[in-house]
Protein chains: 2
Amino acid sequence: MTLDAFFNPQSVAVIGASRDPKKVGHVIFRNFVESGFRGHVYPINPNAEEVFQKRAYASVRDVPHHVDLAVVCVPQPLVAHVLEECGMKGVRAVIVISAGFKETGNETAEKELAKIAKRHNIRLIGPNCLGVYDPYTGVDTFFLPRHRLGRPKPGNMAFISQSGAVASVVLDWMESKGYRASKFVSYGNAVDINENELIEYLAKDRQTEIICVYLEGAHDGRRLMEVAKKCKKPIVALKGGVTSDGTRAVASHTGSLAGAAEVYAAAFKQSGIVQAHDMVQIFDYARVLSSCPKPKGKRVQVITNGGGFGILTVDEIVANELEMAQPSKDTVKAIRKAAPPHVIVKNPIDLAGDATVETYRAALDAAIKDKNNDMLVVIALMQVPNLTDDIVDVLEEAYQTSKKPMVIVSAGGNYTELMKKTLDENGIPTFSYPDRAVTALRALWDYSKK
Amino acid sequence: MTLDAFFNPQSVAVIGASRDPKKVGHVIFRNFVESGFRGHVYPINPNAEEVFQKRAYASVRDVPHHVDLAVVCVPQPLVAHVLEECGMKGVRAVIVISAGFKETGNETAEKELAKIAKRHNIRLIGPNCLGVYDPYTGVDTFFLPRHRLGRPKPGNMAFISQSGAVASVVLDWMESKGYRASKFVSYGNAVDINENELIEYLAKDRQTEIICVYLEGAHDGRRLMEVAKKCKKPIVALKGGVTSDGTRAVASHTGSLAGAAEVYAAAFKQSGIVQAHDMVQIFDYARVLSSCPKPKGKRVQVITNGGGFGILTVDEIVANELEMAQPSKDTVKAIRKAAPPHVIVKNPIDLAGDATVETYRAALDAAIKDKNNDMLVVIALMQVPNLTDDIVDVLEEAYQTSKKPMVIVSAGGNYTELMKKTLDENGIPTFSYPDRAVTALRALWDYSKK
C-alpha cells in the first residue's frame, strides 16, 4: 500500500479526542475541525457524548463508516488495545502520537505495537511523534496550539524529522519566514515507517520538489543510500548526534564521534544527499535547490546598495571557491546611463546608499542579460529612505525573468523581515547575511554538476 | 580633547537641515527634535525661516549661543566652506555625513577637510558616514526613518563600524532582537577619528562594557593592537574584506586573500581581540561576554524539553572542545523528586515535551547548585502547550541567581521571538540554535582564561 492515507484520508478517527482543551486529543481533534480538512473526522472517546459539537464514539469500531486514518493519543497503556481495535475495524493507517515506548526504555511495549500492526496489515507512523501536517489537505496532527506554533502555507518543500522538537520548531519557524511546505512528518520511534520509506514516497509525490530530512540515527543506512541514489529530487539532510543509544558521552571521550560523523558525511556524499550543517542551512539549501535553475558556471555577480555588505559577499564568494564575474561593456554602459555617477559598476555593482527602485531595475536588467555571469546575489538593504517598497515587485519581476539563479540578501529589523517574508512566500529565496546566501549558491553549484 | 561632545553635546547645529521630508538634513534634524535629545538643536539653512517649527539660521556663525557639535549634511562641494565656518564659530566636534570624498576617488576634497579641521582644532567623524547614535543622550544622526530603522534601547554594548550599510543593518536588527546599545558609531572614511581613537574612548566610557567593531581595513594596525592590548573591556571584531583599495579581485586570484585574513586573525589573537566570523556572531559573543560571569571550567550542563535540540547541543559541545558535565547525585535526586518518571536526568537533562514551568524551576535550581558543571545551556522550546509564558520569569530568576554563565536556546516563530526579545531586553543572552549558543560559550571560556 502507498502512504496516501496518511496525507489524504477521506475519513479520520481521533482516538482519545478530549473535551479538555489542555489535552493533546482535544488540540488534534480541534485542528482537524478548524484547519479546513475536507474529509470526515470522528472523535473517539468512551466518556463523552460529543466533542467539539461532533458525536463521539466509544470505540473506533463503533464508527458507522470506513476510517482511512486513525490518530492515537491515548495514554501509553491503552495504545495496544486501541491499535487492535483499529485492526478489527479495518483501519490501515495509524499515527501513534502517544509516548512512553522505546524512548523511555519500554522496548516490550514497542515490540507489541509492531506485532499488532503487522498482524492487521496496519501501516504505522510513530509512536512518540507529532505525526503529519499536510497544508494541501488540512491533515494536522501537531498537537500544539496555533497561536504558539505557526503552520506554513502549501508549497514544494517536504520535511521529515525523527525529532518532534525539531519538527515543531521548524514548522513554526517556516511559517514565520514565509517558507512553504508540501508535506511535513515527525515520525518519532519509527516502529514501522521510517525515513527510508518516507523518502521513497516523497520522491513520487507530485507536490514535493525537494526533500528535507532531520535524522538522528539512520534505521538502515544501506537502504537510505539506495533510496537516495534512486531519488530524482534533491535531498537535504542534517544529521544530529552520532549514536542513538546513549553512548554519546563515551563517544565524545574516545574521539569516535568525529569518526562516525565522517562516515555519515561520506555516505551522504556518495548517495547524492546534500548535507546541511545546521537547521537553518537545511532551508538555505532547500529553498535555492527547489526554486533556482541550474547555473551554467560559477561566476557570481553581486549587486548592492551597501558597500560593506558587498565586501562581505565577495569574501564569501572567494571562501566558497566560486568566481567573481566581470561585468560586460554593455552592462557597464547600461547602468552608467541609468544611474548617478557615484555608482560603481564593477563587481560588486555598488548602487550606493541612495539607490532607488529605478537604479535597481536597470542594474538587474543588465546583469540578467550579461553573459559574463552565471549567478546573481542581489543585496537590497531596505533601511534607506529612497528605496520604496515596490522594490519587492522589481525583485520579483527580475527573478521571474532571470534564467540564472538569483538570491536576495536583506538584513535588519521588522520592516525588512516583512519585505523578505513577502518575497519568500512568492518562492524567491532571501537571506539575512551574505555567508548564508553564498554558501547556498555553492551547494546549488555542486548539486548542478551531478 | 575627549570625544564627549560627539555623544553628549549640550547644543547641536544641523547644517543642511531641510524642510523637505525626503532630505537627509530633514530626517536628522527631526530625529533630534523627536528622539528625546535634551540639549539645544539649531537648524542651519540659508533658504528657510524655520525648520520643523524651530528658527533657522543662514550660517552656523549666526547661532547666538555656543555650539558643541555640528552635523554636516550639505552637498559635497559645500562641505569645506561649512567646515571653515564651524571653525570660526569655535565648534570643536563635527560629524560630516556628506559623501563624495575618497570613496568616489575625490582624495583632494578629503585632504582639504583634514587640513581645515586641523587648522581649527576640529575633531571630525566622517565624511561619508551615518555618524552617532547614543541611546542615553538621544544624539541620533542616522538619517534613516524610524519606521524602517529601529533604534536599540540603552545598554552596555558599543558598536563601531567603518561601513554605513553594516551599521544601519546592525542598528535595526539590534532593536528587533531586544539587544541594547551604549554607543553606536558609523565613522566612514575616518579622515580624523578612526577605530583606534574610538576604542580608546569607549575603553573609558562608563556605559560601555563591551566594544564591537566592524572593520574593513585597519587605519593603523600597530596602533590598533596597542589600543586593544591596553583595553580592559572585551573587544569583538569582524573583519570584512582584505584590501580597502579595490585590489580584491586580484587578491582572490593570487591567493593572497587567505594570507591577509590570516595576518588579521593572528593580530587579533595576539592583542586579545575576540574575532567574530559573521555579523550575527559579533553579538553572539558580545552578549555573552558582557553579561555572563567568567566560568570556572568548561563543563557544560544542558537542560532541554526537546530531545533533538539536546542532541544537537551535545554535538556542538563536543565540536567546540568543551566538556559534558555529569549531574551530581543531589541533582538527580532533586529533579527525580519534582519531575515525572519519564524525565531523563543525565546530560542533557531532558524534561520532555510536557515540561512545565515547575519542572524547569526544579531542574534549574539543581543545576545552578551542582558543583559538577561550570556553564548551563537551557533549551526552552515554547511551542509546547504546558509551558506557560511565565517560563520567562523562571529563566530570569535563575539567571540572576546563577553565578555561572547561562544561555537560553529557543527557536521558532513569532511567539518564541517575542519571548526571546523579552529575555534579551533584560540582558539574558538567548540564541535560536544550539551551534550559536555553544560557540559563544566557547568564546567566553577562551576569553576567561586570559
Side-chain angles (χ1 to χ4, degrees), chain A residues 22 27 99-100 103-104 143-145 147-150 161-166 168-169 172-173 175-176 214 216 240-242 246 248-249 252 257 278-280 304-309 311-312 314-315 318 324 342 346-347 352-353 381-386 411-417 433 435, chain B residues 22 27 99-100 103-104 143-145 147-150 161-166 168-169 172-173 175-176 214 216 240-242 246 248-249 252 257 278-280 304-309 311-312 314-315 317-318 324 342 347 352-353 381-386 411-417 433 435:
Chain A
K22 287 195 173 170
V27 179
E103 81 284 3
T104 56
F143 57 88
L144 304 159
H147 72 279
R148 292 203 179 188
L149 184 84
S161 172
Q162 203 164 350
S163 156
V166 169
S168 65
V169 164
D172 193 15
W173 175 75
E175 191 281 328
S176 76
Y214 172 75
E216 281 164 10
V242 165
R248 301 186 44 75
S252 76
L257 185 67
D278 60 51
M279 273 167 54
V280 175
T304 187
N305 64 342
F309 264 69
I311 286 176
L312 290 170
V314 173
D315 285 352
V318 175
M324 292 294 291
H342 63 265
K346 291 184 183 170
N347 194 4
L381 305 178
M382 310 271 186
Q383 290 85 7
V384 296
N386 293 348
N414 301 330
Y415 179 81
T416 299
E417 286 300 319
Y433 300 102
D435 53 327
Chain B
K22 287 195 173 172
V27 179
E103 82 284 4
T104 56
F143 56 89
L144 304 161
H147 72 279
R148 291 202 180 190
L149 185 83
S161 172
Q162 204 165 346
S163 156
V166 169
S168 65
V169 164
D172 192 14
W173 175 75
E175 190 281 329
S176 77
Y214 173 75
E216 280 163 12
V242 165
R248 302 184 44 75
S252 76
L257 184 68
D278 60 50
M279 275 168 53
V280 176
T304 187
N305 63 342
F309 264 69
I311 286 177
L312 290 170
V314 173
D315 285 351
I317 291 171
V318 175
M324 293 293 291
H342 62 266
N347 194 4
L381 305 178
M382 310 272 185
Q383 289 85 6
V384 296
N386 293 348
N414 300 330
Y415 179 82
T416 299
E417 286 301 318
Y433 299 102
D435 53 328

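Throughout, protein chains are lettered first and strands after them, A, B, ... in sequence-line order, and every chain is numbered starting at 1.
Ranking B:Asn305, B:Thr104, B:Leu381 against chain A, the residue ahead of the rest is B:Leu381, based on heavy-atom pairs under 4.5 Å. Top candidate by heavy-atom pairs under 4.5 Å with chain B, chosen from A:Ser163, A:Gly353, A:Gly306, A:Gly308, is A:Gly308.
A:Thr304 does not touch chain B: none of its heavy atoms, backbone or side chain, sits under 4.5 Å away. Only the side chain of A:Asp278 comes within less than 4.5 Å of a heavy atom in chain B; its backbone stays farther off. For A:Met382, the part lying under 4.5 angstrom from a heavy atom of chain B is the backbone only. Looking at B:Val280, only its side chain comes within 4.5 Å of chain A, counting heavy atoms on both sides. When heavy atoms are compared at a cutoff of 4.5 Å, A:Phe309 approaches chain B by way of both its backbone and its side chain.
With rounding to the nearest 0.5 angstrom, the CG atom of A:Asn414 is 6.0 Å from the CD atom of B:Glu175. With rounding to the nearest 0.5 angstrom, the CG atom of B:Asn386 is 7.5 Å from the NZ atom of A:Lys22. From B:Leu144, atom CG reaches atom OH of A:Tyr415 across 12.0 Å, with rounding to the nearest 0.5 Å.
Between A:Leu312 and B:Gly240 the shortest heavy-atom distance is CD2-CA, 3.7 Å. Residues A:Ala165 and B:Gly307 share a closest heavy-atom pair of CB-N, 4.2 Å.
Distance alone, capped at 3.5 Å, is enough to place a donor-acceptor pair between the B:Asp172 side chain and the A:Gly413 backbone.
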